[in-house]
Amino acid sequence: MNEVHVQRNYKDTMFRMLFKEKENLLSLYNAVNKTSYTNVEDLEITTLENAVYMNYKNDISFVFDFELMLYEHQSTVNPNMPLRNLIYVTKVLQNITRNETLYSTVLIRLPAPRFVVFYNGAEPQPGKQVLRLSDAFEKRMEKPELELMVSVYNINPGYNAELMEACRLLKEYAQYVEQVRKFAKKAFFPEAVEQAVDYCIRNGILADFLLKNRAEAIAVSIFEYDEEKHLKSEKELAYKNGEDAGIKKGIMKGIVRSVESAMKNFNLDLQRACEGLGTTIEEYNKAKECISNKDT
């Protein structure tokens with residue numbers, strides 16, 4: 001089995017590497033919002049460099065046109081993005097208002113936050129969807145008093161063609177990822193990344209960027225693949241644990257139900273009912289306690 005182990009010293013992602021430049025970031029903003037701004041000096045980067053999740057830095061935040069934009073790339077489906085963004089945006093706003101007096105009688109003006117995720121994972125997803133913080137609330141509310149919405153764009157081939165054509169760099173980034181996946185079907189992953197980089201350079205896909213940053217781009221791509229595998233394995237483990245817990249709970253319920261049914265229908269005491277069903281009073285009590293603990 002081909003295993004990839006990468007040193008955890010690459011905190012950036014390809015997405016961050018590509019869009020940390022103001023010109024590229026403004027191009028992406030224009031594509032998302034269907035605008036045509038050109039003055040990059042009006043764009044202020046507000047990314048928190050020390051904000052790290054799963055060894056990744058949160059991708060990019062910036063203020064432009066009185067809006068606070070949080071752009072994130074995801075290669076795995078993550079329904080918790082609204083919560084992650086809520087935590088992150090509060091830190092950004094704290095930083096923006098650090099010189100303000102929150103108890104002032106004067107209203108502190110804030111840029112309007114907006115949240116966007118660019119998804120290019122292997123798991124099928126719609127072209128665009130909106131994730132809401134309120135979807136996670138245990139109590140459903142018609143008008144939740146705290147809400148945060150994240151727009152998720154699928155940038156895999158065949159999705160959001162207008163967006164991709166409007167931002168050449170985003171389109172070429174998606175093409176690069178697609179080539180990495182194609183080569184990975186036939187080669188050990190580090191080798192596949194190198195082959196994809198060579199292919200893209202030959203075919204004018206992120207060519208200038210890859211020529212300039214070849215070694216780091218390869219290392220970051222391998223790191224992202226390794227981290228994606230880690231997240232996938234954690235998800236599968238959580239599902240397996242939940243499945244096992246469900247099976248165990250079902251068995252416990254079955255023991256209790258069978259014993260109590262025998263006692264009722266055949267007028268047996270607890271000991272005789274347990275003996276007749278091949279169990280013990282201790283096992284019955286343990287099963288009942290287990291169910292009670294699960295339900296509380």
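Computed from a prediction, not measured in an experiment: that's the story for all the values here.
- To the nearest 0.5 Å, atom CG of residue Leu148 and atom CZ of residue Phe115 are 4.0 Å apart.
- Comment: Lys22 does not engage Asp42 in a salt bridge, judged by the lack of any side-chain N to carboxylate O separation of less than 4.0 angstrom.
- Taking the six-membered ring for Trp and the full ring otherwise, Tyr173 and His73 have centroids separated by under 6.0 Å.
- Listed for the Asn160 side chain is a donor-acceptor partner under 3.5 Å among the backbone atoms of Asn154.
- The two residues Ala217 and Met17 make their nearest non-hydrogen contact at N-CE, 4.4 Å.
- Rounding to the nearest 0.5 Å places NZ of Lys139 at 14.0 Å from OG of Ser134.
- Centroid-to-centroid, the aromatic rings of Phe19 and Tyr71 stay 6.0 Å apart or farther.
- Using a cutoff of 4.0 Å between basic side-chain nitrogens and carboxylate oxygens, Glu282 and Lys286 are not scored as salt-bridged.
- Of the inter-residue distances, the one linking Met69 atom CE with Leu43 atom CG reads 10.0 Å to the nearest 0.5 angstrom.
- The OG1 atom of Thr13 lies 9.5 Å from the CD atom of Gln74; values are rounded to the nearest 0.5 Å.
- Ring-plane geometry between Tyr153 and Phe118 is classed as parallel, the angle between the planes falling under 30 degrees on a 0 to 90 degree scale with a further cut at 60.
- Side chains of Pro111 and Ile96 form a contact here, defined as non-hydrogen atoms less than 4.5 Å apart.
- In this structure, the side chain of Gln179 does not engage the main chain of Ala196 through any donor-acceptor pair within 3.5 Å.
- Within the model, atoms CD of Glu216 and CE of Met14 stand 9.5 Å from one another, a figure rounded to the nearest 0.5 Å.
- Looking only at distances, no side-chain donor or acceptor of Asn85 sits under 3.5 Å from a matching main-chain atom of Leu70.
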